[in-house]
Amino acid sequence: MNRCTKAIIYKDNLEYNIKQILKVLAPGTKLCIAVKADSYGHNALLTSQIAEKLGVDYLAIATVDEGIELRKGGIKANLLLLSLAIPQEFNEIFEYEITPLVFGKEYINLISDAANKYFKKDETFNVQLAVDTGMGRIGCYPEEAGEEALIIEQSDHLVLSGMCTHFAVSDSLNKKNQEFTQEQYTAFRNAVNFVKDKGIDPGICSCAASAAILNNPDMHFNMVRSGIITYGYYPDEITKDYLKSIKKDFDIKPVLAFETQVVAIRHFPKGKSISYGRTYVCKEDTDIAVLPVGYADGLLRRFSPGLEVTINGKNYPVCGRICMDQCMVDIGKNNPDVKLWDKVLIFGPKESGALNDAEALAKLGNTISYEVLTSLTKRVERVIQ
């Protein structure tokens, strides 16, 4: 591909971040890295390869197809499927050794029946029990964990290899939210104990994602699941400054740069309107740079007004509405610092030359860095650097 709008993946930064995460874990605590949604837009195969090289035990995916793609790419690490597989996918998770989340008597029996048909005598298949401690998504209630673990244990081929839950507000410093996280942790610990009370080994237990990895080391159990911090961004209110304030030094680097080029420079007189809706009118004579990037690439329409892009070390404002495939930037009249074909950085790490990161765009769009990163579409080529 020769298109100038692309995402540059700084693999050294990715490796650096994973090493930083491993440093904060207690000896014996396993790490599961979320590589779902193409590693939040960062190339799942690359992330998985680096993770395996660094000894990461588990990779978390959201769809069976994501797991199949990694297996076909040569990935041998344990794959944990964080969303529920449907019955039509059961044979695929067996074939590609993808560990699914299970809960509910009906669902466990369904996957057990499928396993009975697929596996030979004495062959086993690992599953993890999902527990809903307050996320309100998937999982059994804590008080049901013992009985559901027993159903798994009594099946012919299923083995309970772990348990997990997910925190709803661990990335918040609000007192009530912190209390809710503590309640969720206590509920999960109780669920684990209910399983132990049945004489069953709960296996690898995890509840801490990025925020709790950094802010709640007492909640790590024997595995944690890192998401956004893997890719160089802090989870909401658990910022670098906050961590410094509590005497924790945790440094990570953004991994992805989103870039394009100037493909046209046009001279606009005062009073000329730009883009759909005529929401932007030139206040004086100026020059407008046209960029071949728009919301079909993941540059969300709601980023303008407010978005600035970096050209040769200086930020310039996007003017008018972002179009599906293009946007326009006011560079000022007769600006010698901006020329045709110059590189334009929308966001990225410092070494890319960008003056913005994905968090800055997230604030503009009243969203989170996760959405900014995962919004980059497939037509934006990922280039590994």
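For the single chain, residues carry numbers from 1 onward in sequence order.
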Q: Walk me through it: do N335 and D287 pass the test side chain to side chain donor-acceptor pair (under 3.5 Å)?
A: CA-CA 8 Å; N335 184 349; D287 293 337; over 6 Å; no
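- Around the NZ atom of K105, the shell of radius 6.0 Å holds no more than 12 heavy atoms that belong to other residues, nucleotides or ligands.
- In this structure, the side chain of K240 does not engage the main chain of Y234 through any donor-acceptor pair within 3.5 Å.
- Panel note: side chain T5, backbone P292; a donor-acceptor pair is recorded below 3.5 Å.
- Formation of a donor-acceptor pair under 3.5 Å by the D330 side chain with backbone atoms of G332 is found in this model.
- A donor-acceptor contact shorter than 3.5 Å is absent between the side chain of E147 and the backbone of E144.
- Shown here for T310 and G353, the closest heavy-atom pair between the two residues is CG2-O, 3.4 Å.
- No donor-acceptor distance shorter than 3.5 angstrom exists from the side chain of Q20 to the backbone of I252, with no hydrogens or angles considered.
- Between D297 and R3 a salt bridge is recorded (basic side-chain N to carboxylate O distance below 4.0 Å).
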Q. Does the side chain to side chain contact (heavy atoms under 4.5 Å, CB included) test come out yes or no for H166 and R225, once each step is laid out?
A. CA-CA 10 Å; H166 194 58; R225 308 186 305 268; 3.1 Å; yes
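- Taking a cutoff of 4.0 Å between a charged side-chain nitrogen and a carboxylate oxygen, R302 and E371 qualify as a salt bridge.
- The local environment of NZ in K6 is crowded, with over 12 non-hydrogen atoms from other residues, nucleotides or ligands closer than 6.0 Å.
- The two residues V262 and V338 come nearest to each other via the heavy atoms CG2-CG1, 4.2 Å.
- The local environment of CD in E69 is sparse, with at most 12 non-hydrogen atoms from other residues, nucleotides or ligands closer than 6.0 Å.
- With respect to K19 and E15, a salt bridge is recorded, a charged nitrogen being found less than 4.0 Å from a carboxylate O.
- Note on D325 versus R379: salt bridge recorded, some NZ/NE/NH1/NH2 to OD/OE distance being below 4.0 Å.
- No close placement of the F125 and Y118 rings is indicated, their centers lying 6.0 Å or farther apart.
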Q: Begin with the C-alpha distance, continue with both residues' side-chain angles, and end with the deciding distance and a verdict on side chain to side chain contact (heavy atoms under 4.5 Å, CB included) for Y231 and T47.
A: CA-CA 9 Å; Y231 308 106; T47 303; 3.6 Å; yes
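- Taking each heavy atom of I265 and K339 in turn, the nearest pair found is CD1-C, 3.8 Å.
- Checked for salt-bridge contact, E351 and K253 miss the test: no charged N lies under 4.0 Å from a carboxylate O.
- D132 places a side-chain N or O within 3.5 Å of a backbone atom of M135 that can act as its donor or acceptor partner.
- When ring centroids are compared, F221 and Y185 come within the 6.0 Å threshold.
- Between the side chain of E52 and the backbone N or O of A77, at least one donor-acceptor pair lies under 3.5 Å.
- In terms of heavy-atom proximity, Y370 sits nearest to I228 at OH-CG2, 3.2 Å.
- In this structure, N366 places its CG atom where only 12 or fewer heavy-atom neighbours from other residues, nucleotides or ligands lie under 6.0 Å away.
- The two residues M328 and C323 make their nearest non-hydrogen contact at CE-SG, 4.2 Å.
- Between L345 and A257, the shortest heavy-atom contact is CD1-CB, 4.4 Å.
- The backbone N or O of Y242 sits less than 3.5 Å from a side-chain atom of T239, completing a donor-acceptor pair.
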